[in-house]
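Quick notes on the structure that follows.
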Amino acid sequence: MVDIKLIAIDLDGTLLNSRKRLSDQNREALISCIRKGIHIVPCTGRTVDGIPAEVKDIPGIRYAITTNGAVVEDMKENVVIDTRLLSCDLALELLRFVDPYHVMYDPYIDRRGITEPRFMNHLSEFALTSELQELVRNTRDVCPNIIEFVENARKPVEKINLFFGDMEERAKLRAELEKRNDILVTSSIINNLEINAPDATKGDAIIRLSSHLGISPSQTMGIGDGENDFTMITKAGVGVVMKNGSKELMEAADYVTETNDEDGVASAIRKLVLEMEL
């Protein structure tokens with residue numbers, strides 16, 4: 001029997017269904033955990049502003065791991081606990097490197113994605129679904145020129161997100177980026193890449209947050225579906241993967257649950273956490 005005290009949960013493809021909504025079954029499972037004193041922690045590639053209100057506003061959800069582990073924060077106190085960021089100079093170097101490719105790129109600074117009209121006005125050109133287009137419109141600030149914005153801001157960058165309409169272009173750019181040893185390249189969906197600092201991972205962030213809360217890593221659970229969830233699945237005390245997740249992720253998991261459209265998070269929590277305590 002594992003005494004779980006913290007459950008870190010990915011959002012897209014995991015806690016949220018294909019319509020990017022939180023089901024009643026999943027919501028009830030989260031509330032049941034919170035009532036038992038278990039920390040429920042959104043653990044996402046999104047910024048904190050991108051966490052849906054229907055998740056963020058559940059009473060008792062206080063901490064969040066965002067931009068793939070680059071930021072760990074206390075949402076209740078609006079305090080950042082830990083960061084692992086790209087320096088401004090490194091981010092600018094990367095943005096200039098990817099600019100010649102046919103790719104939509106947006107750096108995340110101070111909880112917001114930064115984009116420009118040539119991308120925002122052509123989202124479908126980069127294979128974004130209607131649900132993802134809505135998310136992008138709600139979580140990006142539009143400026144005339146991204147690189148000039150970053151140059152003038154002189155602030156570190158949480159993450160650089162890339163969207164592709166051409167998968168050959170994606171493979172070519174990924175191969176070039178992965179030659180570097182000063183960044184970490186992952187992906188959350190089939191047509192994107194995400195660039196973080198090397199130690200900005202969901203798994204490492206879980207360890208850092210659990211230490212901050214006085215919780216043993218063995219008392220943590222991670223639930224996810226994508227490539228950027230791999231460290232979360234392997235470093236948490238219990239790793240749970242959705243059936244809609246990748247084969248590699250399933251092989252690394254302790255438990256495989258139902259899909260995100262079948263309330264897989266609720267199913268795993270009831271099986272592995274709530275029923276353990278009965």
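Side chains are part of it too, since the values below use all heavy atoms of this structure and drop only hydrogens, waters and symmetry mates.
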Please examine the side chains of [Y] and [X], heavy atoms only from C-beta on, and report whether any two atoms are closer than 4.5 Å.
| X | Y | answer |
| --- | --- | --- |
| Lys36 | Leu274 | yes |
| Leu85 | Val71 | yes |
| Ile61 | Met75 | yes |
| Val142 | Pro117 | yes |
| Phe164 | Leu173 | yes |
| Asp204 | Thr201 | yes |
| Glu77 | Arg62 | yes |
| Asn17 | Thr259 | no |

Is it true that [X] and [Y] make a salt bridge, defined as a side-chain N closer than 4.0 Å to a carboxylate O?
| X | Y | result |
| --- | --- | --- |
| Arg111 | Asp141 | no |
| Arg180 | Asp182 | yes |
| Glu158 | Arg112 | no |
| Arg19 | Glu131 | no |

Indicate whether any N or O donor in one side chain lies under 3.5 Å from an N or O acceptor in the other, for [X] and [Y].
| X | Y | result |
| --- | --- | --- |
| Asp106 | Thr115 | no |
| Asn68 | Glu194 | yes |
| Arg170 | Ser187 | yes |
| Asp49 | Thr139 | no |
| Asn192 | Asn161 | yes |

When rounded to the nearest 0.5 angstrom, what is the spacing between [atom1] in [X] and [atom2] in [Y]?
| X | Y | atom1 | atom2 | value |
| --- | --- | --- | --- | --- |
| Asn191 | Asp166 | CG | CG | 11.0 Å |
| Glu54 | Leu15 | CD | CG | 8.5 Å |
| Asn228 | Ser188 | CG | OG | 5.0 Å |
| Cys88 | Glu151 | SG | CD | 8.0 Å |
| Met221 | Ile38 | CE | CD1 | 8.5 Å |
| Arg154 | Ile109 | CZ | CD1 | 10.5 Å |

Closest heavy-atom pair and its distance - [X], [Y]:
| X | Y | answer |
| --- | --- | --- |
| Ala197 | Leu184 | O-CB, 3.8 Å |
| Asp225 | Asp229 | N-OD2, 2.8 Å |
| Ile81 | Asp74 | CD1-N, 4.0 Å |
| Gly50 | Leu135 | O-CD1, 4.3 Å |
| Tyr108 | Gly45 | CE2-O, 4.0 Å |
| Ile146 | Pro107 | CG2-CD, 3.5 Å |

List, one per line, each side-chain donor-acceptor pair under 3.5 Å for residues 122-130, sequence neighbours excluded.
residue, atom, partner, partner atom, Å
His122, ND1, Arg118, O, 3.2
Glu125, OE2, His102, NE2, 3.1
Thr129, OG1, Leu132, N, 3.1

For the residue pair Tyr105 and Phe119, is the inter-centroid distance of their aromatic rings smaller than 6.0 Å?
yes
Any donor and acceptor pair, going by atom type alone, linking the side chain of [X] with main-chain N or O of [Y] inside 3.5 Å?
| X | Y | value |
| --- | --- | --- |
| Lys202 | Phe230 | no |
| Lys5 | Thr220 | no |
| Asn196 | Val185 | no |
| Asn260 | Leu16 | yes |
| Glu28 | Gln25 | no |
| Lys56 | Val48 | yes |
| Thr14 | Leu11 | no |
| Ser267 | Asp263 | no |
| Ser216 | Ser218 | yes |

When clusters are formed by joining ILVMFWY residues with side-chain heavy atoms under 4.5 Å apart, either directly or through shared neighbours, do [X] and [Y] land in the same one?
| X | Y | answer |
| --- | --- | --- |
| Phe97 | Phe149 | yes |
| Val55 | Ile269 | yes |
| Val150 | Leu90 | yes |
| Val41 | Met232 | yes |
| Val265 | Ile4 | yes |

Verdict with reasoning, Ile58 to Leu22, per side chain to side chain contact (heavy atoms under 4.5 Å, CB included):
CA-CA 11 Å; Ile58 294 176; Leu22 177 68; 4.0 Å; yes
Please walk me through it: do Glu116 and Arg140 pass salt bridge (charged side-chain N to carboxylate O under 4.0 Å, His left out)?
CA-CA 9 Å; Glu116 56 187 76; Arg140 267 65 165 181; over 6 Å; no
May I ask you to check whether over 12 heavy atoms, not counting those of Glu251, lie within 6.0 Å of atom CD?
yes
Heavy-atom count around Asn121 CG within 6.0 Å, excluding the residue itself: above 12?
yes
Val157/Leu94 under side chain to side chain contact (heavy atoms under 4.5 Å, CB included): CA gap, chis, key distance, verdict:
CA-CA 11 Å; Val157 171; Leu94 292 165; over 6 Å; no
Under the criterion side chain to side chain contact (heavy atoms under 4.5 Å, CB included), I'd like the reasoning laid out for Val241 against Thr257: C-alpha separation, chi angles, the key distance, then a yes or no.
CA-CA 6 Å; Val241 172; Thr257 189; over 6 Å; no
What residue among Ile34, Leu213, Ile7 forms side-chain contact (heavy atoms from CB on, under 4.5 Å) with His39?
Leu213
Apply side chain to side chain contact (heavy atoms under 4.5 Å, CB included) to the pair Asp12 and Lys20, showing each step before the final yes or no.
CA-CA 7 Å; Asp12 300 292; Lys20 305 291 186 184; 2.9 Å; yes
Can you tell me which residue among Lys179, Lys172, Arg174 is in a side chain to side chain donor-acceptor pair (under 3.5 Å) with Glu176?
Lys179
